Student: 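Pasting in a structure now, in structure tokens, and then I'll have a few things to ask.
First the proteins, then the strands, lettered A, B, ... as listed; each starts at 1. Because the structure is predicted, anything quoted here is derived from the model rather than measured.
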Number of protein chains: 2
Amino acid sequence: MNISASAEGLSAEPKTLVESAYRALRRDIIEGSLVPGEKLRVEHLKDNYGVGAGTLREALSLLISDALVVSQGQRGFRVAPVSLEDFEDITRTRVMLECEALRQSIAIGDDAWEADLVAAFHRLAKAEEKRIGSEVREEWEERNRIFHEVLIAACPSRWLKHFLSILYQQAERYRRMSLYLQPIPRDIHIEHEALLQAAISRDADKAAAMLAEHIQLTFRSVQAIPAEQLNK
Amino acid sequence: MNISASAEGLSAEPKTLVESAYRALRRDIIEGSLVPGEKLRVEHLKDNYGVGAGTLREALSLLISDALVVSQGQRGFRVAPVSLEDFEDITRTRVMLECEALRQSIAIGDDAWEADLVAAFHRLAKAEEKRIGSEVREEWEERNRIFHEVLIAACPSRWLKHFLSILYQQAERYRRMSLYLQPIPRDIHIEHEALLQAAISRDADKAAAMLAEHIQLTFRSVQAIPAEQLNK
DNA sequence: GAATTTAAAAATCTCGAGAAAAATGGTTGA
DNA sequence: TCAACCATTTTTCTCGAGATTTTTAAATTC
């Protein structure tokens, strides 16, 4: 059962033009090339993305699920705006949900889960070594996402994982604004490694505490950015 | 900032045909007249709802946000399936989120919030007196939703409230399958009243415990339904 | 000079028709 | 009898064009 469009969108190949446009738009919004608050004029965008107007409208409708696009009545679509308040809310909610999911995952996860986790960490570490280059950056982003995903993979609640995938996506958008300026500000590798160790040794309290700190640190590093950067 | 289509959809009047179709479809899915798992053929439905094919597709795309509709690749749309597992997950997740939101609401809510809460309870109680009739039933459903909404209204987290509105909608769908058979099985009124008292007296622990029990009781009453009723 | 009104321009919203894919059903062959 | 195959039908997906609404800009009035 595919709960969300985003969940189905990440794994398989796009089979329709709507799906392709949906992904391309999502990427551009998360990357920031489509600026927060910007008006999304269908007549302009349909040329950029090489699809018809109806198709693009449908893709934009799907992006509302992810709260990356907002629409109001008869006034078209906009890129969802950003604010420090919003990111603080995202961070708080994510800490709450992701810690709970992690505890359940640690409690339930079997050997196969452990193996997946170690593998995901290893792939992430490999990408961390070579720190520069934009396609390497994309690779790191993807592997970081997967590491966090695998951490909570053994949690049995589909809904918890669904909400977390939305929040992760939102957080990534803010994080990119930060890292764009200060490339790798803190030593994320050590945080990830400690988190892995705590999870493997089934120390749920410690793992949850580290995860909370990890997520909150990302918030603080974005918070440090001058307010003008966050185009209100 | 309107986070979701559902949030914007509930208050104001529909300004576009997409919005109208979205609401009509949502109502029919929650009510159950569109059966879980059923294929949603655009060519058929566009006549029923009096809109064009593209418009209906867009409305269906919006319903994916609410996880009331699922779509896969080149095979069209379906009403989201139901299962006891899913409802159990919804219940657990909702208990977790709604209790947390209630605690925050109780901690932060001011006199105006209290007044709104008492008013919402009163309106709900009025609807509870006259228990029969289908339009009265609709009214009760609406007021019940508002009561739960006002309970957590003072919670400052938009995301928590956003997720809860989705979960409430999902739960309502399951609840209707139950109440259709056994009209008002337990004395919900007493539960609501005790919940109100605990909230007003700022007893967060007690209120959260009652809310958890309240939500879980609904799950158990659906659980009691024979499995054949839940069209898998 | 500022505010209201009016007209033009742009954008959104909507529909119907055509191309591509999937589901259907009957036929053939082992 | 069963399975594989092909033609037909249905359905999904996609596009371009027309009707409303919003936005923009100029013109008029006070």
Student: Could you give the CZ-to-C1' distance, from A:R57 to D:dC13, as a whole number of Å?
Tutor: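 A:R57 atom CZ is separated from D:dC13 atom C1' by 17 Å.
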
Student: Which of parallel (below 30°), tilted (30 to 60°) and perpendicular (above 60°) describes B:W159 and B:F163?
Tutor: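 Tilted: the ring planes of B:W159 and B:F163 meet at 30° to 60°.
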
Student: Could you give the CD-to-C1' distance, from A:Q72 to C:dA11, as a whole number of Å?
Tutor: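 The distance from CD of A:Q72 to C1' of C:dA11 comes to 14 Å, rounded to the nearest Å.
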
Student: Whole angstroms only, please: what is the CD-P distance between B:E58 and D:dT14?
Tutor: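 Atom-to-atom, B:E58 to D:dT14, this comes out as 14 Å.
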
Student: Classify the ring geometry between A:H148 and A:Y168 as parallel (under 30°), tilted (30 to 60°) or perpendicular (over 60°).
Tutor: tilted

Student: Could you give the NE2-to-P distance, from A:H44 to C:dA9, as a whole number of Å?
Tutor: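 Distance, rounded to whole Å: 16 Å.
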
Student: Categorize B:L40 for me: base, sugar-phosphate, or nothing, with a 4.0 angstrom heavy-atom threshold over every strand shown.
Tutor: sugar-phosphate

Student: If you compare all heavy atoms of A:I30 against all heavy atoms of A:Q169, which two are closest, and at what distance to 0.1 Å?
Tutor: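 Closest pair (atom of A:I30, atom of A:Q169, distance): CD1-CG, 3.4 Å.
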
Student: Can you tell me how far P of D:dC13 sits from CG of B:L56, to the nearest Å?
Tutor: 12 Å

Student: Charged N to carboxylate O under 4.0 angstrom, B:R173 versus B:E31?
Tutor: no

Student: Does a side chain donor of either B:S65 or A:S65 reach within less than 3.5 Å of an acceptor in the other side chain?
Tutor: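 Indeed, the side chains of B:S65 and A:S65 share at least one donor-acceptor pair under 3.5 Å.
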
Student: Check nucleotides 15-18 of chain C against the protein and report each pair of N or O atoms closer than 3.5 Å, with its distance, or say if there are none.
Tutor:
residue, atom, partner, partner atom, Å
C:dC15, OP2, B:G52, N, 2.6
C:dC15, OP2, B:T55, OG1, 2.9

Student: Would the B:H192 and B:F121 ring centres measure less than 6.0 Å apart?
Tutor: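 So the answer is no for these two rings.
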
Student: Give each protein N/O atom lying under 3.5 Å from an N/O atom of nucleotides 20-23 of chain C, with the pair distance.
Tutor:
none

